[in-house]
Amino acid sequence: MIPAAFDYIVPDSLEAAAASLADGGENAKVMAGGHSLLPMMKLRLAQPSVVIDLKRLDSLRQIQADGGALRIGALVTHHQVETSSEVNENCPLLALTAGSIGDPQVRNRGTIGGSVVHGDPAADWPAALLALGAEVTLTSSGGSRSVAAGDFFLGPLTTAAEPNEILTGVSVPVPAAGTRATYRKVKQKASGFAIVGIAVCLRTDGDTCTDVGIGVTGLAGTPFRATAAEDQLRGKALTADAVAAAAAQVAEGVDALGDIHASGEFRSHLARLNTARAIQDALDG
Amino acid sequence: MANTTKIEVRVNGVGRTAEVQPRLLLVHYLRDVLGLTGTHIGCETSLCGACTVMVDGAAVKSCTLLAVQVDGCEVQTIESLATDDGLHPIQEAFWDCHGLQCGFCTPGMIMATRQLLQENPSPSEEEIRHGLEGNICRCTGYKHIVDAVQQAAEQMKAGT
Amino acid sequence: MPVSKLVGTKVKRREDPRLVQGLSHYVDDLRMADVLQVAILRSPHAHARINGIDKGAAQALPGVVSVVNGADIGDSVGSVPCAAANPTLRTPPHPVLAQGEVRYVGEPVAAVVAEDSYTARDALDLIEVDYEPLPAVSDLEKALQPGSPLVHSQWDSNQAFTFECGTGDMDKARAEADVIVKQKFIHQRLAPIPVETRGVVARYFPGEGELTVWSSTQIPHLLRAMLALVLGFPEHRIRVIAPEVGGGFGCKLNVYREEALLAHLAMKLKATVKWIEGRRENMQATIHGRGQVGTVEAAVKKDGTILGVTYDSLLDTGAYHQLLTPGMPPLTGLMISGSYKIPTLKFTSTGGFTNKVATDAYRGAGRPEATLVIERTMDLIARELDMDPVELRRKNFAQPADFPLPVATGLAYDSGNYQAALDKALEMVGYDDLRAEQKRLREEGRYLGIGFSTYVEICAMGPSAALPAGGWESGTVRMDFTGKATVLTGVSPHGQGEETTFAQIVSDDLGIPIEDVAVLHGDTAVVPNGIGTFGSRGISVGGTAVYMATQQVREKAEAIAANVLECSAEDLEFEDGKFSVKGVPDKGITIQEVALQAHVATKLPAGMEPGLQATSVFEPSNFTFPFGTHICVVEVDTHSGEIEIKKYVAVDDCGKVINPMIVDGQVQGGIAQGLGQALLEEVVYDEDGQLVTGSLMDYAVARAEDLPPLEFARTETPSPVNPMGVKGVGEAGTIGSTPSIVNAVVDALAPFGVTHIDMPLKPEKIWRLCQGGTK
């Protein structure tokens, strides 16, 4: 319950934050809302010697629709995403995903940046970000770079962010008009995390699927984009058989996680089932 | 001795300042520094909601915030709800509807209800159950809590 | 002004204003000067030898006052007590801090006393313990097999005790039976999870030689007695206070290492010390419930007549006995007959030590196991005989005229009308239509299930002869100078609302406003004697004591009134708080005026002692046996394994009702925990004894969304065991609900050939059972 002691820094600028992080090295941690970091610190699974609180960086609290992309700052809370009119108009999948995270209190304080950079393999954000082809922006003293969501998640609590990099925002291409999307989550009843979460983003021309993104979280140690399943759909008529064939691909070759809540075999089954159901929901929606 | 940071927080309308360790959790600041013991601790893992308070008008779990994070903020705890005129309508409703037994989760449940009704003044039963997903009550089975939230919603609408 | 009668009506709880404002005081809320904080280092191993402990760095940390381990305590504190009597019992030493060996994950190894809780926590990380891991056994059945690692090496096996009860000739029943039904049951371990964890503050007053212990307990008086024994400290110098208690559900019906440890530290350091349990500590070191495995065998005639039932079971005791650990199986065995007339019953239990924390009483305490077994068995029999489960139950029910009902387990049920509760529930749920709906949906590939539990439970614990440490309860009622009443009760409420219900009783019978009645409890210096709150005994035993004391106060008041009014007591009538001379309504005296006279003491009858108070210690002549019918309707998604409760009807009979709102609350809360066992909850240890469900991240309790809308009704069959006819309702919901949910899901999956599923009914289990397709 009680974190180990640390030094606390509240930088006034992103540059200062990056400099502090560079100084602090491996033992420094950046904090946004604190809802991924603090739980680890309370259990002393994380014991940073320096915590750099980004709370004064108001520029990271913005949601902007800009040049065909939604730019969401790292400090934007899940609740802001859930209720933002810009998000709901341009990309309701993000709002739906945000609303399925944790609970109201957690959504009020937890941030998209903090959650994404934490890299929890059962978090909700990765599914939507992968399905939508989002990019994350990483900033260090040396400058900024963008990393595609598909290249960002590397393993349990492991991401492409270097120790000296701050995740400053997420950029999501605004789906073309007519895109249908949904997120289906099988909730781990105790923690509220995803046993399996499937985000589907679908564009159709008549009965034919013109483009599709399927993001999968919870199933494996790394959230991933189900490209084989997507390939089964792209350019095809969305018949029940086609949907079933695509869903069947979603866990192929995946080293599925197993724990007391669901074995790997069941998780794989749930991934297939919910992929099929998510596609159907998207079509029905 | 560990380093400390000065914080200024308005708690239940009163300005407070303190020198605190950066690692001091908000819930411990409220309980142990300010003596506001109505905010309870139930789980350690941000799941039970017993420690729910409002920071700048939004319900949060005070076990998952550092006191230093709310420097400059407005914090409201369960102790702020009743006035000289009596209980808050949510408190009245929990009393009327027997929405509590041991009472330990109740302050957090009431603060979560306050947030819920702020966002949705006329929630359905389903919306109430969903809206309280961040709070655990082990005594009541929730039915009377749902009744209480419904009654509070009616009262608060009538009162505005 | 006429005073309306309160008993039987919804009276808002008098406890609530302080609770809804956060102004109450649970142990952690007590503000005292100079309190030292205690943190406890616990074993990360299920079984290990402690070869050494280095406390140096911890002791050197600024702010640390003391670091103690088992060797420091030695034999200055005795063994943590087990009160349950059983001649076969093996009772291992149960030290407050491990003495050279740890036997479960979470066992206390050392304690840090520091100036603040943050420093105490930091110091834990600085204690170096040299553990030598030893073979551990986690699985109960493996623990009882030859060659298992031994939890306690002084014995040649892990057998902790044996117990049996029942009468009749099962061989004969088998021989006469047309059908034998057998089934194995696993009653998984559950964590009680009161939202307030345990907490203790102990303060020693060296000048007065007195020890005060505040503990989040259900049994302050028993705790006081046990602390006296464990500490070797005179009982009359100990005061135990249970302040506001944030739920217990049986897990605070106990005496724990930390209570004795804190008391010891307070005396040793001549200080006030405080320990508040964290939730992870709570999962590791507070007792678990259930933990039973058993096999039932039922011998049945083709027409559904049940000739005999045996249930052979094992209890996972954990590594050490807590207060009532071995007392759980008897409660299962005694209730294995359920609400049915079964001439032959045989129950056996063998306790087995495992490298896990102890099991003990958790809401229902042994009866949920019995109820699940017999109610599931009824469905198994019905399936085997192709009979409607309702008809089978009707056929075997005890009838109202059978009461008091002698049962083959040795009990005599007090009163009941099982058919009436069933009929009411069937009507509410619309049973006939449901079966038709079920048939129709199955044709569409949808799986509806209907589950019954026509339960009976045992409560109002209980006659002293049947309990290990007294089953009576005390109640004192006192009217003071100004006519206000103070009630002292030995029960120790922690959510049950006795400050309200007891005041309803006293208010009615003394004819005074409820505002003029205070109910005090939970302090051994205030309440002279008591047992506590558990076993659904608050109203039925504690309330009866208060009721009887109230009658005595009124009798004395009447005698005083007669003396003041210069008439005989027979000439008086009492109404609305006033004694009046019959036929002369103007000539009277209020009970408040009588109270004043009782204290002024100038107009008392000759020889009468001044004052107006009475104490009753009620010793019940029997248990009470509440009952009811719960019906659950589910739909199962065989693809996802998810279970949706479509409808839930509960008809409960807890005898006379003092406050229907509180009774409803008890039933609803009980159902939430029963549903938790059926669907969500399970303490999991791995094979090596590591606790996998170590926090609420992995142990799921029901949230608001998990509960379906519930429909309620009551029947009312008074108990003849006590003058108010009350039975008790604290555990009924938990005992009655679980089997109805399991039976509903098994019923839904009948087309898949499913006859039984062990709890919790998690989606993966359901999905696997459906993989073979319908049969």
Side-chain angles (χ1 to χ4, degrees), chain A residues 1-10 28-29 31-56 58 61 75 77-80 82-83 99-111 114-115 185 187-193, chain B residues 1-7 20-28 32 41-73 108-109 111-120 127 130-136:
Chain A
M1 179 77 182
I2 296 169
F6 54 83
D7 288 329
Y8 179 67
I9 298 173
V10 193
K29 278 282 182 186
M31 184 164 74
H35 270 44
S36 296
L37 179 59
L38 266 175
M40 301 282 284
M41 290 171 62
K42 284 165 63 185
L43 304 181
R44 300 208 175 189
L45 297 172
Q47 299 197 23
S49 54
V50 178
V51 170
I52 301 160
D53 188 346
L54 302 181
K55 70 179 181 180
R56 286 191 194 145
D58 286 336
R61 286 184 207 285
L75 296 188
T77 64
H78 310 309
H79 179 257
Q80 271 177 282
E82 185 185 0
T83 53
S100 71
I101 297 169
D103 56 55
Q105 293 96 310
V106 166
R107 295 195 287 276
N108 276 337
R109 195 72 201 182
T111 63
S115 174
K185 174 181 183 179
K187 211 191 244 188
Q188 200 263 66
K189 284 281 197 178
S191 69
F193 279 82
Chain B
M1 189 58 202
N3 63 3
T4 59
T5 298
K6 187 179 178 192
I7 59 169
V20 300
Q21 285 190 54
R23 62 171 169 160
L24 181 69
L25 297 173
L26 176 58
V27 69
H28 288 143
D32 299 335
I41 299 168
C43 77
E44 301 184 317
T45 49
S46 324
L47 289 166
C48 80
C51 65
T52 301
V53 301
M54 302 195 100
V55 172
D56 291 341
V60 297
K61 293 184 171 176
S62 63
C63 77
T64 313
L65 257 78
L66 302 168
V68 290
Q69 286 179 283
V70 302
D71 181 25
C73 296
M109 198 65 84
M111 296 308 277
T113 299
R114 191 165 180 232
Q115 160 90 76
L116 169 66
L117 295 180
Q118 222 167 268
E119 300 238 324
N120 181 357
E127 287 168 335
H130 184 65
L132 296 177
E133 68 181 326
N135 294 71
I136 291 171

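Naming: A, B, ... by sequence-line order, numbering from 1 per chain.
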Quick one: [atom1] on [X] to [atom2] on [Y], what's the gap to the nearest 0.5 Å?
X         : Y        : atom1 : atom2 : answer
Leu66(B)  : Lys55(A) : CG    : NZ    : 9.0 Å
Gln69(B)  : Met31(A) : CD    : CE    : 3.5 Å
Arg23(B)  : Leu38(A) : CZ    : CG    : 13.0 Å
Glu119(B) : His79(A) : CD    : NE2   : 3.5 Å

Open item on the list: Using a 4.5 angstrom heavy-atom cutoff, name the option from Val68(B), Thr5(B), Leu24(B) with the most pairs to chain A.
Closed with: Val68(B)

- [ ] Specify which of His130(B), Met111(B), Gln115(B) makes the most heavy-atom pairs with chain A at under 4.5 Å.
- [x]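 Of His130(B), Met111(B), Gln115(B), Gln115(B) has the most heavy-atom pairs under 4.5 Å with chain A.
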
Given a strict heavy-atom distance threshold of 4.5 Å, which part of [X] is in contact with chain A: side chain, backbone, both, or neither?
X         : result
Leu65(B)  : both
Cys63(B)  : both
Thr52(B)  : side chain
Leu132(B) : neither

Open item on the list: Are more than 12 heavy atoms, taken from residues, nucleotides or ligands other than Lys29(A), located less than 6.0 Å from that residue's NZ atom?
Closed with: no

Open item on the list: Quick check against the 3.5 Å criterion: does Lys61(B) have a side-chain atom that pairs as donor or acceptor with the backbone of Gln105(A)?
Closed with: no

- [ ] Report yes or no: does Asn108(A) contribute a side-chain atom to a donor-acceptor pair with the main-chain N or O of Ala59(B) at less than 3.5 Å?
- [x]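 A pair under 3.5 Å: yes.
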
What are the two closest heavy atoms between [X] and [Y], and how far apart are they?
X        : Y        : result
Ile41(B) : Met1(A)  : CG2-CE, 3.6 Å
Phe6(A)  : Asn3(B)  : O-OD1, 3.8 Å
Lys42(A) : Ser46(B) : NZ-OG, 4.4 Å

- [ ] Give, as side chain, backbone, both or neither, the part of Thr77(A) having an atom under 4.5 angstrom from any heavy atom of chain B.
- [x]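 Answer is neither: Thr77(A) stays 4.5 Å or more from chain B.
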
Task: Pro39(A) vs Thr64(B) side-chain heavy atoms within contact, under 4.5 Å - done: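 Yes, their side chains come closer than 4.5 Å.
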
TODO: List for me each residue that meets ring pair (Phe, Tyr, Trp, His ring centres under 6.0 Å) alongside His28(B), sequence neighbours excluded, and say none if there are none.
DONE: Tyr118(C)

